Amino acid sequence: SNVGELPLEYSLYFSEPGTQVRPTRDYCSATGGCGEYIRRVVFGDIDNFTECEGYSDYTTLSTTLVGGMNYALRVENGVNTYPSDLCGAWIDWNQNGNFSDEGMISLQGSPGVGPYTATITVPENALNGPTTMRVRIIRTGALSPCGQTQNGEVEDYTVNVINWISADPVAGETDPGETDQVSLHFRSGTLPLGDYHIDLNIESNDPDNGLITVPVTMSVQDIALAVTAEKDSICLGASTRL
């Protein structure tokens, strides 16, 4: 609810409470030389500047992805010399330790010297939990998530997939004295029995309540789905600084 005198602008996003343990999976090996290399990867909460290592394991860096939502990926090339350079990415959505069966994510600007960009939509059948994203640059040839190349580089990252909850709308503007309603949609699918926890974060231009976090729990039981959300009555007001 907007109890202020000016329009209230807000946006929503989900984040994992605490730290998830990333399962160990035996992914294929991949490496390259340093004729060109991955200088920077930007994806959600990941923003990583690096020098060339041939292959780098950055799975300690992670970002949260919600099923059905779109996320921008940007990859920058450390050597802007060869117009034949290629860049691709892979995410193990089904968490089976195999990048190839999911297909490559094509990036705009490839071939070329970069930057390379893509909008990635999280599949609604992607499995929940941490999984691996692989990014690769090569000079020539066929892009593959596996194997060695003479030139180029490979980097692995972690993405935490949340596919059991979504919000509608995810952003909006509320006039003074008005109230907006946000709907949360829960789906259990084939999830194992147990409790699932997430934080719903509400950012706004209210100077006193710029960020409000609402913890949400879904309980998947033997027969029926029980959903319990800790609901807060949220009153926000935009200041005259606008």
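Numbers here are sequence positions counted from 1. The shown structure was predicted, so the numbers you read here are calculated from the model rather than taken from an experiment.
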> Going from OG1 on Thr132 to OH on Tyr27, what distance comes out if it is rounded to the nearest 0.5 angstrom?
Replying inline: 3.5 Å
> With a 4.5 Å limit on heavy-atom distance, are the side chains of Ile138 and Leu143 in contact?
Replying inline: yes
Donor-acceptor list for residues 117-128 side chains, cut-off 3.5 Å, not counting sequence neighbours:
| residue | atom | partner | partner atom | Å |
| --- | --- | --- | --- | --- |
| Thr121 | OG1 | Asn70 | OD1 | 2.5 |
| Asn128 | OD1 | Asn163 | N | 2.5 |

> What heavy-atom pair brings Val182 and Ala167 nearest, and what distance separates the two atoms?
Replying inline: CG1-CB, 4.2 Å
>> If we ignore hydrogens and angles and just use 3.5 Å, is the side chain of Thr63 paired with the main-chain N or O of Asp45 as donor and acceptor?
In response: yes
> Can you get from Tyr55 to Met104 by hopping between Ile, Leu, Val, Met, Phe, Trp and Tyr side chains that sit under 4.5 Å apart?
Replying inline: no
> Got a sec, which residues hit side chain to side chain donor-acceptor pair (under 3.5 Å) with Thr179, two or more places apart in sequence or on another chain?
Replying inline: Ser1
>> Please confirm whether the ring centroid of Phe43 lies under 6.0 Å from the ring centroid of Tyr157.
In response: no
> With side chains defined as the heavy atoms from C-beta onward, is the minimum distance between Trp93 and Leu65 less than 4.5 Å?
Replying inline: yes
> Minimum heavy-atom separation for Asp199 to Pro215, with atom names?
Replying inline: OD1-CA, 3.6 Å
> Sub-3.5 Å donor-acceptor pair from the side chain of Arg39 to the main-chain atoms of Thr50, do we have one?
Replying inline: yes
>> By the salt bridge (charged side-chain N to carboxylate O under 4.0 Å, His left out) test, which pairs, at least two apart or in different chains, include something from residues 81-105?
In response: none
>> For a side-chain contact (heavy atoms from CB on, under 4.5 Å) check, start with the C-alpha distance between Ile162 and Ile198, then their side-chain angles and the critical distance, and finish with the verdict.
In response: CA-CA 9 Å; Ile162 301 171; Ile198 199 71; 3.0 Å; yes
>> To the nearest 0.5 Å, what is the distance between CD on Glu9 and CG on Asn2?
In response: 10.5 Å
>> Could you walk me through whether Tyr116 and Leu86 satisfy the side-chain contact (heavy atoms from CB on, under 4.5 Å) test, starting with their C-alpha distance in whole Å, then the side-chain angles of each, then the deciding distance to 0.1 Å, before giving a yes or no?
In response: CA-CA 9 Å; Tyr116 315 102; Leu86 299 167; over 6 Å; no
> Does Tyr13 belong to the same Ile/Leu/Val/Met/Phe/Trp/Tyr cluster as Val214, with side-chain heavy atoms less than 4.5 Å apart forming each link?
Replying inline: no
> Is any side-chain heavy atom of Val66 closer than 4.5 Å to a side-chain heavy atom of Tyr71?
Replying inline: yes
>> Could you report the tightest heavy-atom contact between Pro169 and Gln181, atom names first, then the distance?
In response: CD-O, 3.8 Å
> Do the side chains of Leu200 and Val170 join up, straight or via other hydrophobic residues, at under 4.5 Å, putting them in one cluster?
Replying inline: yes
> Hey, what do you get for SG (Cys34) to CD (Gln150), rounding to the nearest 0.5 Å?
Replying inline: 11.5 Å
> Do you know which two heavy atoms are closest between Cys52 and Gly33, and how far apart they sit?
Replying inline: SG-O, 3.8 Å
> What pair of heavy atoms forms the shortest contact from Ser204 to Asn209, and how long is it?
Replying inline: OG-O, 3.4 Å
> Would a 4.5 Å heavy-atom cut-off, applied to side chains only, mark Arg74 and Leu107 as touching?
Replying inline: no
> Between the side chain of Tyr10 and the main-chain N/O of Gly210, is any donor-acceptor distance below 3.5 Å?
Replying inline: no
> Any side-chain heavy atom of Ser62 sitting closer than 4.5 Å to one from Pro130?
Replying inline: no
> What pairs of residues pass the salt bridge (charged side-chain N to carboxylate O under 4.0 Å, His left out) test when at least one of them lies in residues 131-151, not counting sequence neighbours?
Replying inline: Glu36-Arg139, Arg134-Asp156
> side-chain contact (heavy atoms from CB on, under 4.5 Å) between Leu12 and Phe14: does it pass, once the steps are laid out?
Replying inline: CA-CA 7 Å; Leu12 313 179; Phe14 293 100; over 6 Å; no
> Between Ser166 and His185, is a side-chain hydrogen bond (donor to acceptor under 3.5 Å, both in side chains) present by the stated rule, with each step listed?
Replying inline: CA-CA 5 Å; Ser166 59; His185 304 276; 5.3 Å; no
>> Using side-chain heavy atoms (C-beta onward) and a distance below 4.5 Å, is Thr64 in contact with Val159?
In response: no
> Do Ile202 and Leu211 come within less than 4.5 Å of each other through their side chains, counting heavy atoms only?
Replying inline: no
>> Once disulfide (SG to SG under 2.5 Å) is applied, what residue pairs with a partner in residues 104-179 remain, sequence neighbours excluded?
In response: Cys28-Cys146
>> By the disulfide (SG to SG under 2.5 Å) test, which pairs, at least two apart or in different chains, include something from residues 79-118?
In response: none
> In Å, rounded to the nearest 0.5 Å, how long is the span from CD of Glu173 to CG of Asp180?
Replying inline: 9.5 Å
>> Pair Ile165, Val216 - check side-chain contact (heavy atoms from CB on, under 4.5 Å), show working.
In response: CA-CA 10 Å; Ile165 188 171; Val216 182; 4.1 Å; yes
> Would Val42 end up clustered with Met69 when hydrophobic side chains under 4.5 Å apart are linked, directly or stepwise?
Replying inline: no
>> If you compare all heavy atoms of Ile137 against all heavy atoms of Tyr37, which two are closest, and at what distance to 0.1 Å?
In response: CD1-O, 3.7 Å
>> Measuring from atom OG1 of Thr131 to atom CG of Asn94, what distance do you get when rounded to the nearest 0.5 angstrom?
In response: 8.0 Å
> How are the rings of Trp164 and Tyr196 set to each other: parallel, tilted or perpendicular (split at 30° and 60°)?
Replying inline: tilted
>> Once rounded to the nearest 0.5 Å, what's the spacing between atom CD of Glu153 and atom CG of Asn77?
In response: 10.0 Å
